[in-house]
Structure formats: structure tokens, C-alpha cells
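What follows is a set of notes on a single structure, which appears directly below.
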2 protein chains.
Amino acid sequence: MVPHDDGAFAPTTEDAPSSSGFLDDGKNTIGSQLASRLREAIISGELQAGSKINLDKARKTFNVSLSPLREGLARLISDGLVEFEDNRGYRVSSISLANLEEITTLREEFEVFALRESMRLGDVEWEGNVMRALHRLNRTERDAARPETLERWEELHREFHLTLISGCGKPILLHFCSLLLNLNDRYRRVFLTRTSGDRNVSQEHSEIAQGAVARDLDYACDMLRQHIHRTGTNLRNHLATKGTL
Amino acid sequence: MVPHDDGAFAPTTEDAPSSSGFLDDGKNTIGSQLASRLREAIISGELQAGSKINLDKARKTFNVSLSPLREGLARLISDGLVEFEDNRGYRVSSISLANLEEITTLREEFEVFALRESMRLGDVEWEGNVMRALHRLNRTERDAARPETLERWEELHREFHLTLISGCGKPILLHFCSLLLNLNDRYRRVFLTRTSGDRNVSQEHSEIAQGAVARDLDYACDMLRQHIHRTGTNLRNHLATKGTL
DNA sequence: ACTATCCAAATAATCGATTATCTGTCAAGG
DNA sequence: CCTTGACAGATAATCGATTATTTGGATAGT
């Protein structure tokens, strides 16, 4: 389901976050499957931030042996979703106001930089991918009453943002942005089940995308920065209100 | 030995890359020790870039069992030094001109940004740490004939750069910069055994550090950017010359 | 010759059991 | 009382053996 985050972040053959996978989206090893399931469990808030992960319980819950469990957890460490300490085990990464603010700031810096590079370097195929991702996202409704629509929307939203910057030709940068998006999505999934009333997010996305394919560098970058910033502000408010910190 | 790269990159208690560790620098678990040894082996070029890592051989070489071996390798994936594919195993990340250029570009962007933030936010203790790191670095000679001096210099150099930006108050950003530095060091260790004749690297470091503690934002950032850029250019030349790509 | 298919050796992944480490509790000594 | 140390249960780390997958080479069919 999740667009197959390539293991390390060295240049890979598979470039754009294509969702057109040839069947075989299936993760092969138990370790990989676990990584996906755990990632989803953490991002969705099912596994509470900051909580300890007891290996024995997890082993029983998922009905697997220790080796693949550790394997899966190890990958989430790369994602920044899990922390680890020798002989003390694993725990779900904490959330905090400071963490959220850093994520927002870094997204503003990195994602905007990556967008600029994409506009500078992206080819026609990139443009097409952007428009497709935009269309699919805008055609998808979020209905707070039906969790599966939220999940679907998140997936497409993530894909839109990654596609926007996928033309930058910088695999490491893409990897970093992908991590930040992951971390950010956790906050959104937990604290925002619907868009704040004063925003038209679809339109924001459209403005960014159209500016991007028109190569209007300053406009598109500015729109993206504002978009990220607004989301950060919303999340901060919700975190302050509902947060049990 | 290596300044204890904290597992995940969430806010940790231990902030500055202090080298004053209280005894107990020792990694506790076999997995951790392996991670260190493998990291050193890769960065030093002992393990050739792009080569496959045969688990059985590695198991015998290091005289350990599979579990901690995989554990150690998993951590190097986070570092970007090892790549992994389901059922195909691990391989040392490849090096390439494009990869080097991306690393250099991202260091210029992120490290400079982090330095600016450090100057904005860093306290007196940060200033002190910077001056100490500078002093220790400049007091250490690089002698191409004695590998242990190179290793020592690399360690202090890395620490200097990390200390410079350690005041930025952004753990994730620090983590990213640390990764980039790691990746960059591999190129330097493999391709540069001594400083290029037309540079006075000690002086470059001094200028950056002094600008930093004087809070001369534009000057320090400019010096750092040039410093990174020059290193990138040198490495590119050596890679083109000696590289066996 | 060329491709496709099947085998066997090589390699990776997983399991269950064992060993090492930690954590909290309780008793002895100050 | 408070501290210290030792014990036991809980938890993490490691091992050796087993199972699953891949890979390269041989074979058969076109």
C-alpha cells in the first residue's frame, strides 16, 4: 500500500513514486510486512507516541518470531518513527510541540528547495505526473465518518507532495523530504480529521501544481511554503488543544 | 570512538556531540559494536563501494551470529552507507559523481542553514564548544604516512562541523547533517589523503568559527559555504582522476 | 544456436531455545 | 528512616538449526 519507500536513499532505478506498480506491491519478507504494518499503526496513532514496545507482546500480537520483528522495527528507526536504545528496547517516537515546529520549518526549507530544483530540472513527464497526482487527490473526498477515506486521502496527499518534488534529481533530498512528510502525517492523522474551515486545501494544491508546471518559480515556491506553514499552524493549535502532553 | 550517533533523530537528552563521555563510550551489544566496525570499514574504503555483503562470510569474518549482524547492517542502512533489498541481501552503497555532487549541494544548503540557526540561537556554551573543537582540530596533524593520524583528524573534523551547527536546536536537522557528513567523509577518506596544496584548511576553519562566535551571520555562512564547496570541487577532481567507475 | 524449464548449490529469512541484561522489590546495615 | 546490595521476574540479545528464496548452470525443446 504505502509507496514502497526504498531501503536506503542511494540512487535507485525506480524514480517517481509511481502507484502503477505491476501487481507485486506485496512486501516479500515478514520483516517488510511488519515494517509496513507497524508504520501504519504508528502514523495512524494506533500505537501511542512515546509508548514502549514490548517485544514479547508484539511478537504475540503479530504472531511472528523475534528476528523479523526486530528487522521491521529497525526500518522504522530509519523513518524516525521508532527510537532504540541498547538493552532497553524500542519505543514509539514521542511527539511534541518542538518536534512539530521543527518538522514544519524543515519542510518549508527542504520541500521548497526541492520544488525549485524540480521546476528547474523536471521534464515533461514530471509535469504530467504532477497533474495526475493533483487530479487524483482533488477527486478524493475526505469523510471523517469513514476512516478508510481518510487513509486513502493521506496516501494521495503524500503522493502529491512527493511527486511535486520528484523532478529535482536528488535522491537523498527526496528521501529526507519523504521522512519529514511521514513524521508530519502522523500529527495530521492524529489531530486533524478534517480540513480547517477557513482553508480551501484543494485550491492550494491546484495553485502550487499549476505554478509548478508553468515554471513560475517564485509563485509556486511561495504557495508551497504558505501551504506547509498553514498546516503547521493548524496542527499546532490542535496539538495545544487536544494534546495530552 | 565515533561520537555516538543517537539511534533515531528525535530530541535526545544528550545534545552536543560531547567527546567527554564518562568512560562507557563502549557500545554494549554485539549489534552496536558491529555497526561501528562496519561503518568504519565502509567509510575508510576497506569495504569497497557497491560490493555485495555476503552474510555468511561476514558472519565468519566477524565471528558473530546472524542476528547481531543484521542488526548492525540495519543501522548502516539508516546511515545511507548500506542498501538492502528483500531476499537479495545487503550491499555497500555505491559512490558516483552525481552522488558526491548531491551531497555537496545539500551540505551547502543544510549545513549553512543550520549554522545560521546556531548563530541565532546558540548560547555561550555553544560558543565555547565551537572554540574548543576548532582548537583541537587545528592542533592535530595529518600525516599521510600514518593512517591513525588521518583517522584522528577525520574524527575531529567531523566533530568540528557538527559542533558548529550544534546550537541550532533542531535535532532532525542535526541528524540529516550528520548523515551527509558521514557520506561525505567516505569520499574524502578514499580520495583525499592530504589537503590540496592551494588551500589552508586550518585557516578556513578558523574563519568560520570566529565568524560564528562573533555572530557575523553572513560572513560565517559564506565562509562555510565556500569551505564545503571547495572540498566538493577537490573531491570531484580526485574522483574523476582516480575513480574506477 | 536460442530460448525456456528445471534442478542444485548458495544465500537469505525465520524460528525456538538459550544467555545476558535490566528493573523493581525487599531485607540488612548504617 | 535512609541507603545499599542481593535476589527474582521481566525483558532484550544472541545463538544454532531450519525453512524459504534466489541464482547459475545443465537440459530439453524449438
Side-chain angles (χ1 to χ4, degrees), chain A residues 4-8 12-14 22-39 47-48 50-78 81-93, chain B residues 4-8 12-14 22-39 47-48 50-78 81-93:
Chain A
H4 181 71
D5 189 18
D6 35 53
T12 54
T13 48
E14 193 175 17
F22 234 75
L23 314 164
D24 191 74
D25 87 24
K27 303 305 174 37
N28 300 313
T29 67
I30 300 180
S32 291
Q33 293 171 303
L34 269 177
S36 292
R37 291 177 65 183
L38 286 165
R39 185 182 291 110
L47 249 50
Q48 196 179 23
S51 63
K52 190 151 181 0
I53 297 173
N54 181 307
L55 290 176
D56 247 5
K57 286 176 192 161
R59 194 173 64 68
K60 284 163 189 158
T61 303
F62 292 105
N63 208 44
V64 294
S65 189
L66 245 36
S67 326
L69 181 57
R70 288 176 148 269
E71 194 86 28
L73 286 167
R75 302 204 198 167
L76 298 189
I77 294 174
S78 316
L81 293 172
V82 164
E83 294 167 40
F84 170 82
E85 207 177 344
D86 273 354
N87 289 320
R88 303 264 175 98
Y90 305 82
R91 65 173 54 242
V92 181
S93 295
Chain B
H4 182 70
D5 189 17
D6 34 55
T12 53
T13 48
E14 192 176 19
F22 235 73
L23 312 165
D24 190 74
D25 87 20
K27 304 304 175 35
N28 300 312
T29 67
I30 299 181
S32 291
Q33 293 171 304
L34 268 178
S36 293
R37 291 177 64 182
L38 286 165
R39 185 182 291 110
L47 248 49
Q48 196 179 23
S51 63
K52 188 149 184 0
I53 298 173
N54 182 307
L55 290 176
D56 247 4
K57 286 176 191 159
R59 194 174 63 68
K60 282 163 189 159
T61 304
F62 291 105
N63 209 44
V64 294
S65 190
L66 245 35
S67 325
L69 181 57
R70 287 174 149 272
E71 194 86 28
L73 286 167
R75 303 205 197 165
L76 297 189
I77 294 175
S78 316
L81 293 172
V82 164
E83 294 166 44
F84 171 81
E85 206 177 344
D86 272 356
N87 289 318
R88 301 266 175 98
Y90 305 83
R91 65 173 52 240
V92 181
S93 295

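First the proteins, then the strands, lettered A, B, ... as listed; each starts at 1.
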Next on the checklist: Using a 4.0 Å heavy-atom cut-off, does B:K52 contact any base of the nucleic acid, only the sugar-phosphate backbone, or nothing at all?
Outcome noted: sugar-phosphate
Next on the checklist: Under 4.0 Å, counting only non-hydrogen atoms across every strand here, what does A:L69 touch: a base, just sugar-phosphate, or nothing?
Outcome noted: nothing
Counting side-chain heavy atoms from C-beta on, which of [options] comes nearest to [X]?
X	options	value
A:R88	D:dT14, C:dT23, D:dA12	C:dT23
A:L55	D:dA12, D:dC15, C:dA12	D:dA12
A:P68	C:dT14, C:dA12, D:dC15	C:dT14

Nearest whole Å is fine: how far is [N] [atom2] from [X] [atom1]?
X	N	atom1	atom2	answer
B:F84	D:dT22	CZ	P	12 Å
A:D86	D:dT11	CG	P	19 Å
A:R59	D:dT14	CZ	P	17 Å
A:L34	C:dT14	CG	C1'	12 Å
B:L73	C:dA12	CG	C1'	12 Å
A:E71	D:dA12	CD	C1'	17 Å
B:I30	D:dA12	CD1	P	18 Å
A:D56	D:dG9	CG	C1'	12 Å

Under a 4.5 Å cut-off applied to non-hydrogen side-chain atoms, are [X] and [Y] in contact?
X	Y	result
A:L73	A:I77	no
A:R39	A:L81	yes
A:L34	A:F62	yes

Checklist entry - Residues two or more places apart in sequence or in another chain: which of them pass salt bridge (Lys or Arg N to Asp or Glu O under 4.0 Å) with A:R59? => result A:D56
Distance (rounded to the nearest 0.5 Å) between [X] [atom1] and [Y] [atom2]:
X	Y	atom1	atom2	value
A:Y90	A:E85	OH	CD	12.5 Å
A:L47	A:R91	CG	CZ	12.0 Å
A:R75	A:L38	CZ	CG	11.0 Å

Mind listing the N/O atom pairs, protein and nucleotides 17-21 of chain C, below 3.5 Å?
from   : atom 1 : to    : atom 2 : distance (Å)
C:dT21 : O3'    : A:N87 : ND2    : 3.3

Checklist entry - Taking the nucleotide of DNA chain C with the closest heavy atom to each, which residue, B:K57 or B:S67, is nearer the 5' end? => result B:K57
